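Okay, handing you the structure first.
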Amino acid sequence: MAKHKYVIYKIFYDSPDGEFIAYLGRTKQPINARLNGHFFQKPMHKLIDMLQVSHIEVAECKTEADMFLYEIYYINRYKPMLNRDDKSKEDLTINLPELDFQILHNESLMNKWREKISRRNEFAKNYQSGDCLVWD
């Protein structure tokens, strides 16, 4: 039986003021499958604008319980703008040991997704402006 990986991931956006954590999540799925769900708005996934993503960091937890705890901890520590649930207005009064986050290096897949999204956006723009061909 394959051992599950329990992953926390941080999605960073670029801004004129520098990078910031836009979204923080957790998954037992392979990370690429989970990210695909975010970028292409699959059911039960928060839509993430792939074209704004500067990089993604991942860290593995030892257990599912650790993964759940760290997700809530980091959401309340960083208060990412796209995480709407699980945020408290109060600041944390505890500190957990830091997870070892690593940059996710998969540029070929990320570029493929960016290209797919750009094509979809271009089609939608042309469709809305009436510049696309409609077959009768």
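Being a predicted model, the structure only gives us computed values, none of them experimental. Scope of the values below: all heavy atoms of this structure, side chains included, with no hydrogens, waters or symmetry mates.
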I need the Lys116 NZ to Asn36 CG distance, nearest 0.5 Å. 6.5 Å

Heavy atoms of other groups near Lys112 NZ, more than 12 under 6.0 Å: no

Evaluate the side chain to side chain contact (heavy atoms under 4.5 Å, CB included) criterion for residues Asp49 and Phe39: first the C-alpha distance (whole Å), next the side-chain angles of each, then the deciding distance (0.1 Å), finally the verdict. CA-CA 6 Å; Asp49 184 354; Phe39 300 144; over 6 Å; no

Distance-only criterion, 3.5 Å: show the donor-acceptor pairs between side-chain atoms of residues 66-74 and protein atoms not counting sequence neighbours.
from	atom 1	to	atom 2	distance (Å)
Asp66	OD1	Thr63	OG1	3.4
Asp66	OD2	Thr63	OG1	3.4
Tyr70	OH	Pro97	O	2.5
Glu71	OE1	Arg26	NE	2.6
Tyr73	OH	Leu96	N	3.1
Tyr74	OH	Glu98	OE1	3.2
Tyr74	OH	Leu99	N	3.1

Measure from the side-chain N and O atoms of Asp86 to the backbone N and O of Asn76, and report whether any donor-acceptor pair falls under 3.5 Å. no

Salt bridge (Lys or Arg N to Asp or Glu O under 4.0 Å) contacts in which one or both residues fall within residues 9-20, not counting sequence neighbours: Lys10-Glu57

Side chain to side chain, Tyr78 and Phe20, heavy atoms closer than 4.5 Å: no

Within one Ile-Leu-Val-Met-Phe-Trp-Tyr cluster: Ile103 and Ile21, side-chain cutoff 4.5 Å: no

Search all heavy atoms of Pro80 against all heavy atoms of Ala22 and return the closest pair with its distance. CB-O, 3.4 Å

Measure from the ring center of His38 to the ring center of Tyr23 and say whether it is less than 6.0 Å. yes

Can you confirm whether Tyr13 sits close enough to Leu82 that some side-chain heavy atom of one is under 4.5 Å from a side-chain heavy atom of the other? yes

To the nearest 0.5 Å, tell me how far Cys61 SG sits from Asp100 CG. 11.5 Å

Look at the side-chain heavy atoms of Ile, Leu, Val, Met, Phe, Trp and Tyr, link any pair under 4.5 Å apart, and say whether Ile31 and Leu47 land in one connected group. no

Decide side chain to side chain contact (heavy atoms under 4.5 Å, CB included) for Ile11 and Leu35; before the verdict, give the C-alpha distance in whole Å, the side-chain angles of both, and the deciding distance to 0.1 Å. CA-CA 9 Å; Ile11 299 176; Leu35 294 173; 4.0 Å; yes

Under 4.5 Å between any side-chain heavy atoms of Leu109 and Asn32, yes or no? yes

Flag side-chain contact, heavy atom, 4.5 Å: Lys28 against Glu64: yes

Flag the pair Glu60 / Tyr6 as yes when at least one side-chain heavy-atom distance between them is below 4.5 Å, and no otherwise. no

With no hydrogens and no angle check, is any side-chain donor or acceptor of Lys79 less than 3.5 Å from a backbone partner on Ser88? yes

Atom pair NZ/CE of Lys87 and Met81 - distance to nearest 0.5 Å: 9.5 Å

How many angstroms lie between atom NE2 of His55 and atom NE2 of His105, to the nearest 0.5 angstrom? 9.0 Å

Under the side chain to side chain contact (heavy atoms under 4.5 Å, CB included) criterion, do Tyr9 and Thr27 qualify, and how do the steps go? CA-CA 8 Å; Tyr9 56 96; Thr27 188; 4.2 Å; yes

